[in-house]
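Have a look at the structure below before the remarks.
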Amino acid sequence: MEEQDLLRFDKTVQQWLVDIRQTLEKNLLANLLISEKKGRRDLVTNVDKNVEKILTEKIHILDPKAQILGEEGFGDAVRTMRDHVWFIDPIDGTMNFIKQRDDFAIMLALYIEGQGTLAWIMDVDKGIIYHGGPKIGIFANQQKLKTPQNIRLEDGLIEVSGGRLLNQQLKLVEIGRKSLGIRIIGSAGMSFIKVIEGKAVGYVSKMQPWDFAAAKVLLESLKMPFTTIDGTEIDMLSSNTVLTATPCAHQEIVHLELT
Ligand code: 2AM
Ligand code: CA
Ligand code: CA
Ligand code: CA
């Protein structure tokens with residue numbers, strides 16, 4: 001895609017997000033319809049579904065030939081990364097959305113021929129959109145972002161997933177011990193934002209493609225390693241234990257020996 005088309009797509013999607021946020025604000029106190037997916041800790045609301053429906057319809061108009069992979073199933077059964085593939089996580093951090101009304105995100109990404117091309121993560125509560133791509137740079141709203149400082153694991157806070165920690169995953173516990181402290185937000189998107197802003201040294205969690213697709217574009221564009229926890233390449237069409245961190249901390253974590 002030419003730079004002017006990238007910029008046009010970037011601007012268009014940002015405006016969608018601004019509009020959705022405004023609608024959400026107006027209706028936030030209205031009735032939420034909550035249902036269980038795989039259990040009482042895995043919930044979905046009518047807002048998750050509506051946001052995905054709206055975004056899917058808009059993408060169909062903006063980019064008619066694209067395939068869409070969305071968490072709530074309004075897109076396509078995507079089996080190949082050829083051509084244009086969009087990823088949608090309509091509400092990331094649904095539990096936070098339900099219980100706190102903050103620390104949740106809306107995430108979108110566009111991959112072309114398997115290459116991360118454009119991405120958006122909106123911190124809905126703060127109204128900040130982290131967006132861009134390798135060709136146009138990465139921004140927090142209008143502000144251009146730089147690569148975070150390359151600090152060591154020992155010198156930073158590590159973001160992890162609460163579910164994995166409760167399962168007492170050994171490597172996670174060890175990573176936590178080596179760091180300055182563990183942080184759990186309950187939204188993959190919000191944890192990725194901490195890494196993008198250089199407030200956390202890294203983030204590790206098992207996730208689905210819509211959980212990590214946008215962050216992979218943004219963080220790799222900022223020259224941050226983004227791999228599986230073993231340091232191998234991520235498969236965009238299956239779940240992965242994802243590790244992103246400063247280059248220094250990434251090496252430390254990949255080579256961590258369990259004692
Ligand atoms: P979600 O809110 O979009 O489902 C903390 O729960 C983080 O892990 C959230 O970003 C959440 O995304 C994600 N997650 C991935 N799989 C999950 C699952 N099975 N149950 C709950 N959260 C999940
Ligand atoms: Ca979910
Ligand atoms: Ca998610
Ligand atoms: Ca979600």
Side-chain angles (χ1 to χ4, degrees), residues 13 16-17 20-21 24 28 32-56 59 68-75 78 86-109 119-126 129-130 157-169 172 175-176 182-196 200 202-219 226 228-229 234-244:
V13 175
W16 298 348
L17 292 172
I20 288 171
R21 178 170 184 264
L24 273 183
L28 218 48
L32 265 191
L33 303 173
I34 303 169
S35 50
E36 287 186 8
K37 289 172 96 178
K38 278 189 242 134
R40 67 181 185 95
R41 304 175 62 183
D42 184 8
L43 304 177
V44 65
T45 74
N46 54 327
V47 173
D48 297 60
K49 292 176 188 169
N50 284 340
V51 170
E52 184 166 313
K53 220 187 285 178
I54 291 166
L55 289 173
T56 307
I59 293 167
I68 303 171
L69 181 56
E71 179 180 7
E72 310 306 343
F74 292 96
V78 178
W86 287 77
F87 293 86
I88 308 176
D89 191 335
I91 298 288
D92 176 66
T94 298
M95 191 60 89
N96 288 352
F97 172 61
I98 293 168
K99 303 301 286 185
Q100 306 180 169
R101 297 289 198 278
D102 64 9
D103 282 342
F104 63 99
I106 301 177
M107 306 198 280
L108 288 137
W120 302 261
I121 301 179
M122 175 162 70
D123 173 339
V124 181
D125 182 52
K126 288 196 184 140
I129 302 173
Y130 298 80
L157 298 170
I158 185 84
E159 294 282 332
V160 302
S161 119
R164 299 287 139 187
L165 205 61
L166 288 177
N167 288 339
Q168 300 183 329
Q169 255 198 12
L172 214 52
I175 294 166
I182 288 175
R183 294 292 180 271
I184 301 168
I185 302 181
S187 151
M190 296 303 298
S191 288
F192 283 126
I193 287 173
K194 295 289 184 200
V195 183
I196 289 169
Y203 175 43
V204 52
S205 176
K206 186 165 183 207
M207 289 179 265
Q208 298 289 335
W210 47 80
D211 294 311
F212 61 75
K216 185 170 190 289
V217 178
L218 301 178
L219 281 154
F226 202 103
T228 71
I229 194 161
I234 282 171
D235 176 356
M236 288 308 301
L237 294 177
S238 66
S239 90
N240 292 254
T241 300
V242 168
L243 165 65
T244 186

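Whatever order the structure lists them in is the order used to number ligands and atoms, beginning at 1.
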Give a yes or no on whether Lys37 atom NZ has more than 12 heavy-atom contacts from other residues, nucleotides or ligands under 6.0 Å away.
-> yes

Nearest heavy-atom pair of Phe87 and Met236: which atoms, and what distance?
-> CE2-O, 3.7 Å

Quick one: does Thr94 get an N or O within less than 3.5 Å of an N or O on ligand 1?
-> yes

Atom 1 (P) of ligand 1: which protein heavy atom is closest, and how many Å away?
-> Gly93 N, 3.6 Å

Is atom 14 (N) of ligand 1 close to the protein, meaning a heavy atom under 4.0 Å from it?
-> no

For atom 21 (C) of ligand 1, find the nearest protein heavy atom and state the residue, atom name and distance (0.1 Å precision).
-> Arg41 O, 3.9 Å

Taking both backbone and side chain into account, is any N, O or S atom of Trp210 nearer than 3.0 Å to the Ca ion (ligand 4)?
-> no

Numbered atoms and elements of ligand 1 in range of Asp89, under 4.0 angstrom, heavy atoms = 3 (O)

About how many Å separate CD of Gln208 and CD of Glu71, when rounded to the nearest 0.5 Å?
-> 8.0 Å

the protein heavy atom lying closest to atom 5 (C) of ligand 1 turns out to be Gly186 O, 3.3 Å

Validation row: Ile185, Ile193 side chains within 4.5 angstrom (heavy atoms) | no

Sidechain-backbone polar pair: Asp89 side chain, Met107 backbone, donor-acceptor under 3.5 Å | no

Record the part of Glu71 in heavy-atom contact with ligand 1 below 4.0 Å; permitted values are side chain, backbone, both and neither.
-> side chain

Residue, atom and distance of the protein heavy atom nearest atom 19 (N) of ligand 1 read Asp42 OD2, 3.8 Å

For atom 16 (N) of ligand 1, the protein heavy atom that lies nearest, with its residue and separation | Asp211 OD2, 4.5 Å

In Å and rounded to the nearest 0.5 Å, what is the CG to CH2 distance from Leu69 to Trp86?
-> 13.5 Å

Minimum non-hydrogen distance to atom 11 (C) of ligand 1, winning option of Val44, Asp92, Leu43 | Asp92

Which distance, rounded to the nearest 0.5 Å, do you find between the OH of Tyr203 and the OG of Ser161?
-> 6.0 Å

Is atom 8 (O) of ligand 1 in close reach of the protein, with a heavy atom under 4.0 Å away?
-> no

Atoms of ligand 1 close to Ser187 [distance to a heavy atom under 4.0 angstrom, numbered from 1] = 9 (C), 10 (O)

Report yes if some heavy atom in the side chain of Phe97 is under 4.5 Å from a heavy atom in the side chain of Ile34; otherwise report no.
-> no

Atoms of ligand 1 close to Ala188 [distance to a heavy atom under 4.0 angstrom, numbered from 1] | 9 (C), 10 (O)

Under 4.0 Å from ligand 1, counting heavy atoms only, is it the side chain of Ile91, its backbone, both or neither?
-> backbone

Metal-centred angle, the Ca ion (ligand 4) as apex - OD1 of Asp89, OE1 of Glu71, 10° resolution | 90°

Do Asp123 and Met190 touch side chain to side chain, with heavy atoms closer than 4.5 Å?
-> yes

Determine, counting only non-hydrogen atoms of the protein, whether one lies under 4.0 angstrom from atom 23 (C) of ligand 1.
-> no

What one should report as the nearest heavy-atom pair of Asp92 and Ser187 is OD2-OG, 2.8 Å

Do Phe192 and Leu218 come close enough that some side-chain heavy atom pair is under 4.5 Å?
-> no

